[in-house]
Enquirer: 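Below is the structure I would like to discuss, written out as structure tokens.
Every chain is numbered from 1, with letters handed out A, B, ... down the list of sequences.
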Amino acid sequence: MNTLKTIICGYGLLNSLLLSAQDKPFPENIPYQAKIEVSTEALEKLFHSTGACKLQLSAAFQLNGNIQNHTEKGPLVSTVLVSTENMRGAMLSLSRSVKPDGSIQYTGHLLRLHDPDGMLLVEKDGHYFFIRAEQRYLVAE
Amino acid sequence: MKNRLPYIFLLLLLHMHGGTSAQAPLLNSYPPAAATVYLDFDGATVEGTLWNENGKIVAEPSGLSAATITWIFRKIADHFTLFNLNLTTDPEMYARAPIYQRTRIIITPNGDWYGPAAGVSAVGSFVWGDETPAWVFTDHLTNNPLFIAAAATHEIGHTLGLQHQSLYDSYGIMISELSGGENNIFSNEAPLMGVPFYKNADWIKGSSSAGAANIQNDTALIAGAPNNIGYRKNLIIPGEGFNQKSEAVKIETQQPGSIGLNSTGEYAYRLFDITGRLLTEGPLRKGWNQIQANSAAKAVLVLQWYSEEGSGSQKIVL
């Protein structure tokens with residue numbers, strides 16, 4: 001009888017572990033590396049998309065979602081907000097600005113409120129990367 | 001009906017007394033500064049930001065009286081007197097500020113859409129340029145003006161890139177992410193980026209939430225890159241402006257109640273008293289202009305002028 005109880009309990013525990021593993025919060029369920037490089041062409045495409053979008057930002061990073069809005073803030077700055085579908089509803093906010101020297105700069109973040117981590121778009125030597133960051137450093141109370 | 005009259009009267013009286021949802025008075029802490037923090041007490045509809053996971057957020061007006069808003073504004077502004085930064089309740093001032101040097105703090109009663117917090121901000125959003133606001137939830141602060149001012153200052157700090165000031169033990173293990181100034185029990189001071197509610201709170205240089213060894217100098221971070229706000233110039237000499245359009249308008253006569261000036265172009269102007277209260281505004285035409293100051297016989301005023309080409313400002317002593 002005790003053996004049966006142990007087997008049932010063990011099975012239940014295993015099941016709950018498997019289920020929780022399937023339901024890991026964002027960004028656990030996206031391919032994670034120290035940094036994911038994204039091309040400026042892919043970023044630029046987002047500013048020309050409307051409605052549902054499916055975009056391969058990099059080999060390891062596909063974005064499925066809906067463009068929530070696209071705002072022009074004067075002639076030099078525009079922002080696009082994407083509600084993701086394959087990242088548990090995390091929001092990608094992306095800004096595109098024209099600097100005084102005519103170059104284009106992108107800034108952005110991919111966040112889901114109250115999750116432990118988020119992704120930040122950073123630029124280094126002309127290349128853009130999404131890097132993972134603890135969300136308490138991005139959103140603070 | 002007769003029996004109901006006292007109740008109707010009482011309701012009317014309560015309405016008059018509680019008629020607190022007045023539009024916020026137009027206040028500015030330092031109009032010459034381009035970098036701007038807009039304290040929005042008037043309610044707002046927010047869309048298209050990282051806060052909108054569940055759609056549009058309709059933030060109600062703070063419901064605070066003009067006197068309370070003014071008190072809170074002054075309390076917050078006291079913490080920023082060091083910086084070349086204008087705090088304003090005027091949406092037009094916010095609209096004119098450089099997009100990479102501005103932020104909006106929405107002070108609203110209800111933050112249920114976010115959760116049980118007194119406020120929330122995106123760290124560093126002051127320079128994002130994408131209109132991401134920060135929030136202060138007054139119901140969670142028991143509508144206490146002192147707490148609201150402290151929380152708003154704290155959230156502004158976050159938008160300017162500051163992390164929390166934290167408390168660590170001697171081994172560097174975090175005791176509390178938010179320091180309440182416990183490291184000196186004889187002191188009545190606490191960090192603004194910790195728990196700023198119960199002691200005299202100020203910017204400090206101390207261990208941030210990033211680690212005991214990560215020393216955060218609040219004032220240096222606020223003033224420095226990427227905010228590039230800098231510190232205020234202590235002395236503003238009439239006639240010696242401090243930005244590119246400072247020579248565009250020349251004050252010729254300064255008398256109580258009246259200012260005469262020559263403008264090199266067409267601008268709009270705004271005249272503030274030294275506390276930042278807007279006295280008057282209007283257009284400046286090229287050439288001679290006379291502005292009625294409508295102020296006390298002796299006063300220190302700040303005249304700001306602006307157009308699409310630029311802006312300038314000048315302190316005037318009448």
Side-chain angles (χ1 to χ4, degrees), chain A residues 25-26 43 46-47 50 65-85 87-100 104-123 133-141, chain B residues 46-57 95-96 98-100 102 111 113-125 127-132 134-137 140 151 154-166 174 177-178 193 195 208-211 214 216 226 308:
Chain A
F26 162 85
L43 294 174
L46 278 176
F47 289 91
T50 52
N66 287 292
I67 305 282
Q68 295 264 307
N69 58 37
H70 182 184
T71 318
E72 302 285 339
K73 297 180 172 71
L76 302 178
V77 182
S78 55
T79 62
V80 65
L81 187 79
V82 184
S83 173
T84 64
E85 283 174 351
M87 292 168 206
R88 293 168 54 87
M91 306 291 277
L92 171 67
S93 175
L94 200 62
S95 284
R96 175 191 189 274
S97 55
V98 182
K99 308 301 282 182
I104 291 172
Q105 177 186 291
Y106 300 93
T107 55
H109 38 264
L110 181 62
L111 296 173
R112 185 169 181 268
L113 295 180
H114 304 296
D115 269 9
D117 292 346
M119 307 284 280
L120 191 65
L121 183 68
V122 294
E123 185 265 344
E134 281 188 61
Q135 197 166 131
R136 67 192 175 108
Y137 297 129
L138 305 176
V139 172
E141 295 174 0
Chain B
V46 175
E47 291 179 276
T49 73
L50 67 92
W51 311 120
N52 297 102
E53 281 178 7
N54 296 312
K56 186 164 68 176
I57 300 170
R96 278 200 297 276
I99 56 168
Y100 288 108
R102 70 183 185 191
W113 62 267
Y114 178 74
V120 65
S121 314
V123 177
S125 52
V127 298
W128 283 3
D130 66 356
E131 311 288 344
T132 301
W135 302 84
V136 172
F137 307 124
H140 295 169
H154 181 103
E155 298 308 332
I156 295 169
H158 280 315
T159 68
L160 292 164
L162 300 185
Q163 299 289 347
H164 288 141
Q165 290 283 358
S166 302
M174 185 185 284
E177 181 169 339
L178 294 164
M193 296 314 293
V195 181
S208 80
S209 56
N214 189 307
Q216 177 174 280
E308 286 182 355

Enquirer: Which region of Leu113(A), side chain (C-beta onward) or backbone (N, CA, C, O), has a non-hydrogen atom less than 4.5 Å from a non-hydrogen atom of chain B, or is it both or neither?
Expert: both

Enquirer: Measuring heavy-atom distances to chain A, does Ala151(B) have an atom under 4.5 Å in its side chain, in its backbone, in both, or in neither?
Expert: neither

Enquirer: If I take atom NE2 from residue His140(B) and atom CD from residue Glu141(A), how far apart are they, to the nearest 0.5 angstrom?
Expert: 10.5 Å

Enquirer: Tell me, for Ser208(B) versus chain A, whether the close heavy atoms (under 4.5 Å) come from the side chain, the backbone, both or neither.
Expert: neither

Enquirer: Quick check on Ala122(B) against chain A: is it the side chain, the backbone, both or neither that has a heavy atom closer than 4.5 Å?
Expert: both

Enquirer: Examine whether an atom of Trp135(B) lies under 4.5 Å from a heavy atom of chain A, and if so say whether it belongs to the side chain, the backbone or both; otherwise answer neither.
Expert: neither

Enquirer: For the atom pair CG (Asn69(A)) and CG (Asn52(B)), what is the distance rounded to the nearest 0.5 Å?
Expert: 8.0 Å

Enquirer: If I measure from the heavy atoms of chain B, does His70(A) come under 4.5 Å with its side chain, its backbone, both, or neither?
Expert: neither

Enquirer: Return yes if some donor-acceptor pair links the side-chain N/O of Gln163(B) with the main-chain N/O of Tyr137(A) below 3.5 Å, else return no.
Expert: yes

Enquirer: Between atom CD of Glu53(B) and atom CD of Gln68(A), what is the distance when rounded to the nearest 0.5 Å?
Expert: 10.0 Å

Enquirer: With only heavy atoms counted, which part of Tyr100(B) is less than 4.5 Å from chain A, the side chain, the backbone, both or neither?
Expert: side chain

Enquirer: Could you tell me which non-hydrogen atom of Val120(B) sits nearest to which non-hydrogen atom of Val139(A), and how far apart they are?
Expert: CG2-CG1, 3.5 Å

Enquirer: Checking Ser97(A) against chain B: side chain, backbone, both or neither under 4.5 Å from a heavy atom?
Expert: both

